[in-house]
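One is the number of the first residue; the rest follow in order along the sequence.
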Amino acid sequence: MGILSGKKGFAAGFGGQNSCAKGVGVPIFWALALALSLLTGCAVPKAFQIDVDAAPGAQRPALVFPPPPEVARYRYLGQLLGEANFKPIEGARNFARDALYWLVGLFSDAPLELQRPQAGVVDDAGRIYVTDAGRAAVLVFDVVAGELLTWDQAGDVATFGNPVGIALGAGGDILVADAKLGYVVRLGPKGEPRGSIGRGLLQRPTGLAYDPKGRRIYVADTSAHDIKVFDDAGQLVKTIGRRGEADGEFNFPTHLAFARGELYVTDGMNSRIQVLSEDGEKVKAGFGSRGGFVGDLVRPKGVAADSDGNIYVVESLHDYMLMFNRGGELLLSVGGTGGGIGKFYLPAGIWIDNNDRVFVADMFNGRVAAFQYLGSGSRSTK
């Protein structure tokens with residue numbers, strides 16, 4: 001990863017009168033410029049590491065949930081923070097290069113970090129895309145290239161305002177629902193804007209899901225209290241639901257997920273989850289109620305489903321990740337308010353990749369917590 005990845009341009013801190021005011025003389029400026037040119041040509045190779053607290057290549061003893069003697073259902077993997085997840089590859093550093101990095105680092109910005117993560121998705125190559133409302137951008141943890149990228153462009157001149165939902169679309173597209181802009185942004189594989197979906201049709205788009213088989217894009221239009229469905233071309237196909245409390249009706253829907261041929265909807269102010277058929281015509285399951293106990297959905301946000309069909313819900317008021325069966329029976333809870341491992345502070349989104357890794361956007365802790373789902377407990381916890 002280049003030294004300037006995700007940061008302001010190097011020259012911004014050295015131009016005009018500001019550099020003179022800081023006492024940076026011309027010889028020093030050119031020395032730093034030379035250092036930069038050397039660095040950009042021989043950047044230290046880095047590798048992605050999800051457990052930022054472990055030594056490179058090391059693995060901490062398994063931390064599982066629930067703890068023994070209960071059967072383990074999850075293994076803690078680590079957390080996404082930002083640049084701290086990219087470690088220099090062992091043996092790739094040398095003294096001269098470290099000295100140059102130190103010199104340039106004197107005038108560099110703080111490391112790029114997550115601020116208020118909202119939701120995310122993982123592609124087939126393992127790249128992790130996270131929407132960050134605090135940075136008004138999408139942060140890309142590119143585990144292939146070993147670098148952290150920031151995508152903040154929503155168009156030729158527009159930048160993101162409040163990106164929330166994110167999904168992988170057709171043809172390598174990354175779709176981002178921006179609640180402030182009022183439409184879905186279509187990005188290419190390198191973050192290049194490819195147009196928009198729902199301009200003039202969406203009021204406050206938040207949740208986003210994609211059905212690759214039916215080639216349908218689902219958007220939770222929170223202020224309109226419905227789910228709008230678009231095709232790959234961005235044309236509105238249908239609208240699911242209206243405001244109300246009956247089955248198939250919504251009251252401020254937020255997060256969405258599509259799995260196993262079904263659409264999962266967080267029906268926010270109705271304090272419930274609804275599972276719909278892919279065409280939205282039938283409610284196949286639903287559960288949730290207000291209350292003061294763990295398992296109640298006072299302020300539900302993110303929703304997801306694993307390979308066994310278990311349904312996950314982020315309960316943001318009480319800071320829990322909850323796991324239910326389709327009947328709405330609470331199977332397991334992880335969380336409680338705090339900043340330690342297995343604790344959350346106003347969590348938002350949740351998503352699960354093809355390897356049953358579970359990611360929780362721990363919004364006010366400025367991180368994404370990652371767990372490995374172990375199924376029935378037969379998988380190794382080592």
Side-chain angles (χ1 to χ4, degrees), residues 1-10 39-54 56-57 77-93 97 101 108-154 159-160 163 165-176 185-194 208 210 349 351-355 357-362 366-372:
M1 179 178 68
I3 188 67
L4 298 183
S5 176
K7 299 181 181 180
K8 296 178 181 177
F10 179 85
L39 284 170
T40 54
C42 56
V44 176
K46 294 187 178 182
F48 174 78
Q49 183 171 314
I50 198 166
D51 190 349
V52 296
D53 297 321
L77 296 177
Q79 56 189 340
L80 304 178
L81 297 176
E83 289 184 353
N85 289 102
F86 295 90
K87 308 290 186 180
I89 296 175
E90 187 175 356
R93 302 181 65 178
R97 184 182 293 145
Y101 266 86
S108 298
D109 293 330
L112 178 61
E113 298 176 338
L114 289 169
Q115 291 185 355
R116 284 197 293 136
Q118 299 291 306
V121 70
V122 184
D123 68 15
D124 291 339
R127 299 179 185 88
I128 307 169
Y129 305 83
V130 182
T131 56
D132 191 327
R135 290 196 173 278
V138 176
L139 268 64
V140 184
F141 291 78
D142 192 334
V143 304
V144 178
E147 61 182 350
L148 179 64
L149 305 173
T150 302
W151 295 350
D152 59 6
Q153 291 300 121
T159 57
F160 285 110
I166 186 169
L168 301 176
D173 284 349
I174 296 95
L175 308 173
V176 183
V185 177
R186 193 195 301 267
L187 301 175
K190 296 182 179 180
E192 69 277 15
R194 288 183 169 180
L208 194 60
Y210 182 69
W351 63 99
I352 301 175
D353 69 6
N354 293 332
N355 296 313
R357 292 186 301 174
V358 181
F359 298 85
V360 180
D362 191 5
R367 65 187 181 187
V368 172
F371 306 86
Q372 178 66 61

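- Legend: residues meeting side-chain contact (heavy atoms from CB on, under 4.5 Å) with V143, ordered by chain and number and at least two apart, are F48.
- D362 contributes no side-chain N or O that, together with a main-chain N or O of V368, makes up a donor-acceptor pair within less than 3.5 Å.
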Compile the donor-acceptor pairs under 3.5 Å between side chains in residues 111-119 and protein atoms, sequence neighbours left out, one pair per line.
| unit_1 | atom_1 | unit_2 | atom_2 | d |
| --- | --- | --- | --- | --- |
| Q118 | NE2 | R116 | O | 3.2 |

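- A search for ring-ring contact (aromatic ring centres under 6.0 Å, His included) contacts involving F141 returns nothing, not counting sequence neighbours.
- The nearest pair of heavy atoms linking V52 to A84 is CG1-O, 3.7 Å.
- Take V138 and apply the side-chain contact (heavy atoms from CB on, under 4.5 Å) test, not counting sequence neighbours, and it matches Y129, T131, V140, W151, F160, I166, V176.
- Summarising the geometry, atom CG belonging to D51 is positioned 8.0 Å from atom CD belonging to Q79; distances are rounded to the nearest 0.5 Å.
- Of all heavy-atom pairs between R194 and D173, the closest is NH1-OD1, 2.6 Å.
- Put simply, CZ on R357 and CG on L77 are 7.0 Å apart, with the number rounded to the nearest 0.5 Å.
- Residues satisfying the salt bridge (Lys or Arg N to Asp or Glu O under 4.0 Å) criterion with D123, sequence neighbours excluded, are R127.
- To the nearest 0.5 angstrom, D124 atom CG is 6.0 Å from N354 atom CG.
- Taking CG of D142 as the start and CD of E147 as the end, the distance is 5.5 Å to the nearest 0.5 Å.
- Not a single ring-ring contact (aromatic ring centres under 6.0 Å, His included) links Y210 to another residue, sequence neighbours left out.
- In this structure, CG on L81 lies 11.5 Å from CG on L139, to the nearest 0.5 angstrom.
- Taking both residues in full, the closest heavy atoms of K46 and F86 are given as CD-O, 3.7 Å, listed atom of the first, atom of the second, then distance.
- When V121, L208, L168, L187 are each tested for a side-chain contact (heavy atoms from CB on, under 4.5 Å) with L175, only one passes: L208.
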